[in-house]
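Beneath this line is the structure, given in C-alpha cells, with notes to follow.
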Amino acid sequence: MFLTKLFILLLILFIVFHLIEKALRKFFGIGKRNGILYKYVNKFHKIGERSIMLVFFISFTFVSFALPTLHSIQPTNIMVIYFGTLFSFRTFIEWKYARKSKEYIISGAATVMYIVSILIFNKFNIPIVNFLRS
C-alpha cells in the first residue's frame, strides 16, 4: 500500500513538472532539448556541476551514516541545499553563456519546483523524505 501511494505521488509530480515545462517552453518559445541527457554549456559548467555533486555525496553520506546522533543537521536539509545550489548554478551558467536558448528559464523553474516538492514532502511527513532520518 505504501509503495502504491508513493508511486502515485511521484507520478503526479512527474506529470506536473512535465506540464509546467511544456507550458514554459510554449509561452517563452523555447525549443526542445536535443537528446535525453543534459548537455553542459561549457567545460566550466561541467566541472562546476560535478564538483557540486561530489560535495553533496560526501556531505550526505557523512550526515546520514557517520553522524546519526547529530540532530541539528538533517539529510533533508542537505537535499534542499544541494538542489538549490545545483539548479541555481545551472540557471546562472545557462543565463550567462547560453542566453539565446532561454533554457535558463526552465532550469530556474526546476529549481523552484524541486525545492518546493522536497519542502512539501518534509512538511507533511511524507515517507519518501522521512526514511532518510531513520
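At a threshold of 4.0 Å, the pair K32-E21 does not count as salt-bridged, since none of the basic side-chain nitrogens sits closer than that to a carboxylate oxygen.
Distance check, rounded to the nearest 0.5 Å: CZ of F56 to OG1 of T61 gives 8.0 Å. Between the CZ atom in F87 and the CD1 atom in I52 there is a gap of 10.5 Å [rounded to 0.5 Å]. Distance check, rounded to the nearest 0.5 Å: NE2 of H45 to CZ of R50 gives 11.0 Å. Atom OH in Y82 sits 4.5 Å away from atom CE in M53 (nearest 0.5 Å). The CD1 atom of I81 sits 12.0 Å away from atom OG of S88, with the distance rounded to the nearest 0.5 Å. Taking CD1 from I93 and CG from N42, the interatomic distance works out to 6.0 Å, rounded to the nearest 0.5 Å.
When hydrophobic clusters are built by joining Ile, Leu, Val, Met, Phe, Trp and Tyr residues whose side-chain heavy atoms come closer than 4.5 Å, directly or via intermediates, I30 is grouped together with Y97. Cluster membership for V55 and I58, using ILVMFWY side-chain heavy atoms within less than 4.5 angstrom, is not shared. By the criterion of side-chain heavy atoms lying less than 4.5 angstrom apart, applied directly or through intervening Ile, Leu, Val, Met, Phe, Trp or Tyr residues, M113 is grouped together with F27 in one hydrophobic cluster.
Using a distance-only test at 3.5 Å, with no hydrogens or angles considered, a donor-acceptor pair links the side chain of K102 to the main chain of F28. Of the possible polar contacts, one joining the T91 side chain to the G108 backbone as a donor-acceptor pair under 3.5 Å is found. Judged purely by atom type and a 3.5 angstrom limit, R25 uses its side chain to pair as donor or acceptor with the backbone of G31.
Heavy atoms of other residues, nucleotides or ligands lying less than 6.0 angstrom from OH of Y38 number more than 12.
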Inset, instruction - Apply side chain to side chain contact (heavy atoms under 4.5 Å, CB included) to S117 and F17, showing your working. - result: CA-CA 10 Å; S117 296; F17 286 0; 3.3 Å; yes
